[in-house]
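Below, each value reflects all heavy atoms present in this structure, side chains not excepted, and no hydrogens, waters or symmetry copies.
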Amino acid sequence: MREGRSVAIATVVETWGSAPRPAGSHVVIDADGAFEGSVSGGCVEGAVVGEAAEVIASGEPRLLEFGVADETAWRVGLSCGGRIKVFVEKLA
């Protein structure tokens with residue numbers, strides 16, 4: 001932000017079952033897709049980075065859910081039975 005880049009922060013707000021990162025874990029993402037931190041690893045990270053770009057553009061926060069009940073579970077790397085909720089918001 002000090003360099004004038006628009007950024008979003010994604011925070012794990014809830015986990016269930018096998019989840020790589022605990023609630024409270026963060027990742028900060030800029031509008032170019034550069035990020036620091038982690039909310040899950042693997043493909044979930046990529047999906048969160050993609051959603052963060054849209055949050056930065058729109059300014060509207062989003063609550064994302066990934067897990068075994070979701071048809072995207074295998075695609076995003078949660079085939080081991082976990083579920084996570086990630087809140088993504090733009091920082092001013």
Side-chain angles (χ1 to χ4, degrees):
M1 288 174 61
R2 281 183 256 140
E3 297 170 3
R5 294 186 279 173
S6 295
V7 298
I9 187 166
T11 305
V12 177
V13 294
E14 184 179 330
T15 65
W16 175 84
S18 177
R21 302 280 186 272
S25 297
H26 301 289
V27 63
V28 176
I29 308 106
D30 73 10
D32 294 327
F35 64 94
E36 188 167 324
S38 179
V39 291
S40 180
C43 298
V44 168
E45 217 81 78
V48 170
V49 168
E51 292 283 341
E54 294 180 27
V55 167
I56 291 169
S58 72
E60 295 294 321
R62 296 184 183 180
L63 181 62
L64 311 174
E65 185 170 351
F66 302 94
V68 293
D70 191 303
E71 65 276 358
T72 62
W74 284 84
R75 182 171 53 89
V76 298
L78 289 173
S79 56
C80 57
R83 180 177 24 220
I84 63 171
K85 288 185 181 181
V86 179
F87 184 70
V88 184
E89 61 188 317
K90 183 177 181 179
L91 297 177

Fellow cluster residues of [X], listed by chain then number, with links counted only when side-chain atoms sit under 4.5 Å apart:
| X | value |
| --- | --- |
| Met1 | Val7, Ile9, Val28, Leu91 |
| Phe87 | Val13, Leu63 |
| Ile56 | none |

Identified side chain to side chain contact (heavy atoms under 4.5 Å, CB included) counterpart of Val44 within the set Leu64, Ile84, Val49 =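 Of all the options given, the one that passes is Ile84.
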
Within-4.5 Å side-chain heavy-atom neighbours: Val27 and Glu45 = yes

Got Lys85 and Trp16 here, is their nearest side-chain heavy-atom distance under 4.5 Å?
-> no

So which atom in [X] and which in [Y] form the shortest heavy-atom distance, rounded to 0.1 Å?
| X | Y | value |
| --- | --- | --- |
| Ala8 | Val88 | CB-CG1, 4.3 Å |
| Ser38 | Ser25 | O-CB, 3.6 Å |
| Thr15 | Ala23 | CG2-N, 4.0 Å |
| Ala10 | Ile29 | CB-CD1, 4.2 Å |

Using side chain to side chain donor-acceptor pair (under 3.5 Å) as the criterion, list what pairs up with Glu51, not counting sequence neighbours.
-> Arg62

Any pair counted as salt bridge (charged side-chain N to carboxylate O under 4.0 Å, His left out), so long as it reaches residues 21-42, sequence neighbours left out = Arg5-Asp30

Salt bridge (Lys or Arg N to Asp or Glu O under 4.0 Å) against Lys90, all qualifying residues, sequence neighbours excluded =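 Lys90 satisfies salt bridge (Lys or Arg N to Asp or Glu O under 4.0 Å) with no residue once adjacent residues are dropped.
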
